[in-house]
Amino acid sequence: MKNAGDVETGLSSFEEFLGELYHKYKSLRDGTVANYIPELAKVNPELFSICIVTADGRVYEVGDRTHLFTIQSISKVLVYGLALEDRGRDYMLTRVGVEPTGDAFNAIILDELSKRPYNPMVNAGAIATTSLIKGTGATERLNRLLDMYRRYVGHDVFVDISVFTSERSTGHRNRAMAHLMLNFGMIDVHIEEALDLYFQQCAVMVNCRDLAVMAATLANRGINPITGEKAVDSTYIKDILSVMYTCGMYNFAGEWAYKIGIPAKSGVSGGIIAVIPGYMGIAVFSPLLDSRGNSVRGVKVCEELSHKFGLHMFDCVQRNLESIPES
Ligand code: GLN
């Protein structure tokens, strides 16, 4: 098995292009860091990194590549995959919908008729999804999540205790959502345990390369292209990518799909992953966020990559994946 660190990353023209993107957007200082989770407000807003991992395991990266940050909502993608494996597609659909909301990620809303949370990429749906992870107790469930992350990134990961406790003690909106779902019987009574696991999954530490390897794993039918290990059952890749495409960028999801056209997911710590099925995973990290909670530089970088290489899924004119160079 190869480690991510063993992969040759000699400077190529593609990496030079990433370097140009990095320098172009490094001076962009629009947006603000997330501060509703007190520990996140302490981040250095200058941090910026871009990493691309191809479906055959080549790595291209620039910027603050080793900086660790909490994964936040990007975790929702992976945990949805595990819940699908645990419960199956039909059962999951009875508990969590697949409709975009057009509302903020932390909106306290459920579908009027079904009482389901709208989708697994917004907080309510993610909390419901996490509550469905199997295990005989809190520790086993956490260990199953950590093991899943390990398969995706190729090494052990850890929960940042400060961010976890920061969110646990201030996450009143998330607690309110859990109570609302309990009221409608959409989540079982152990809501504090489900919330703890949700806060823990969000507080897992990753760097930009880890995110890109995760995205590349999704691009590679659930097999980590660096280690060769299966991270998720390939049956569920289409479910995961569909909800990323329609719901992954919150109330920007429609515009993202229209302009950039790639399944993607963002998190409030500043990460974005984007998946080009069969080709590559893209990750950008920059903590300055727009009003919807998406990384400002991250959106710009993905937009440029999409235009440059014709990555939009429905762009039959520009789509030019063969132009992505060899290392
Ligand atoms: N842990 C964060 C929350 O629940 C995740 C939100 C996000 O990244 N959009 O509010």
Side-chain angles (χ1 to χ4, degrees), residues 7 9-26 28 48-63 74 77 100 121 208-209 211-223 225-226 234 237-266 271-286 290 292 294-327:
V7 173
T9 56
L11 202 66
S12 67
S13 57
F14 189 53
E15 215 156 30
E16 276 166 21
F17 173 68
L18 292 187
E20 283 166 27
L21 272 184
Y22 174 84
H23 289 295
K24 178 169 175 187
Y25 290 113
K26 178 78 178 158
L28 178 64
F48 185 25
S49 43
I50 307 170
C51 183
I52 289 181
V53 175
T54 60
D56 58 3
R58 285 170 286 144
V59 178
Y60 303 89
E61 55 189 350
V62 286
I74 296 172
V77 169
M121 302 290 112
C208 193
R209 181 190 282 207
L211 289 186
V213 176
M214 282 174 189
T217 299
L218 293 171
N220 190 38
R221 291 170 296 163
I223 311 244
I226 311 278
S234 56
I237 293 292
K238 71 180 173 67
D239 306 60
I240 297 169
L241 294 182
S242 302
V243 292
M244 283 173 74
Y245 192 70
T246 53
C247 314
M249 301 299 283
Y250 314 122
N251 41 339
F252 186 61
E255 199 170 325
W256 173 281
Y258 181 78
K259 285 186 177 163
I260 299 173
I262 309 172
K265 184 77 200 83
S266 62
I272 294 183
I273 61 168
V275 178
I276 317 298
Y279 286 90
M280 63 185 181
I282 301 169
V284 187
F285 168 63
S286 167
D290 62 22
R292 282 115 158 188
N294 297 322
S295 167
V296 175
R297 289 173 179 155
V299 170
K300 288 280 180 204
V301 167
C302 290
E303 192 168 8
E304 277 221 23
L305 283 168
S306 176
H307 292 166
K308 166 99 178 160
F309 295 105
L311 301 179
H312 194 298
M313 283 177 53
F314 307 121
D315 189 345
C316 56
V317 177
Q318 296 287 335
R319 201 164 167 86
N320 185 20
L321 293 167
E322 280 64 43
S323 75
I324 294 169
E326 298 293 317
S327 53

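The CE atom of M280 sits 6.5 Å away from the CG atom of L305 when rounded to the nearest 0.5 Å. Atom SG in C208 sits 11.0 Å away from atom CD1 in I282 (nearest 0.5 Å). Atom CZ of R297 and atom NZ of K24 lie 14.0 Å apart (nearest 0.5 Å). Atoms CE and OH, on M121 and Y245 in that order, are 15.5 Å from each other to the nearest 0.5 Å. Note that CG of L311 and CD1 of I262 are 4.5 Å apart. Values are rounded to the nearest 0.5 Å. Here R58 contributes atom CZ and F14 contributes atom CZ; the two are 9.0 Å apart, rounded to the nearest 0.5 Å.
Here the shortest heavy-atom pairing between L18 and I50 reads O-CD1, 4.0 Å. Residues G57 and P225 share a closest heavy-atom pair of N-CB, 3.7 Å. Across all non-hydrogen atoms, the minimal contact from S306 to I260 is OG-O, 2.8 Å. Residues V299 and I272 share a closest heavy-atom pair of N-CD1, 3.6 Å. Considering all non-hydrogen atoms of both residues, E61 and E15 come closest at N-OE2, 2.9 Å. Of all heavy-atom pairs spanning G271 and F285, the tightest one is N-CD1, 4.1 Å.
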Begin with the C-alpha distance, continue with both residues' side-chain angles, and end with the deciding distance and a verdict on salt bridge (charged side-chain N to carboxylate O under 4.0 Å, His left out) for E304 and K308.
CA-CA 6 Å; E304 277 221 23; K308 166 99 178 160; over 6 Å; no
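Using a 4.5 Å heavy-atom threshold, the side chains of C302 and W256 count as touching. Between L218 and M244, some side-chain heavy-atom pair lies under the 4.5 Å cut-off. For the pair V301 and F48, the minimum side-chain heavy-atom distance is below 4.5 Å. Between L211 and C51 there is no side-chain heavy-atom pair separated by less than 4.5 Å. Between V275 and I240, every side-chain heavy-atom pair lies at or beyond the 4.5 Å cut-off.
In this structure a side-chain-to-backbone donor-acceptor pair under 3.5 Å is missing from Y60 to F17. Listed for the S266 side chain is no donor-acceptor partner under 3.5 Å among the backbone atoms of M249. Of the possible donor and acceptor atoms, none in the side chain of H307 sits under 3.5 Å from a partner among the backbone N and O of H312.
With a 6.0 Å radius and a threshold of 12 heavy atoms from other residues, nucleotides or ligands, R221 has its CZ atom at or below the threshold.
For K265 and Y250, the side-chain atoms include at least one donor-acceptor pair closer than 3.5 Å.
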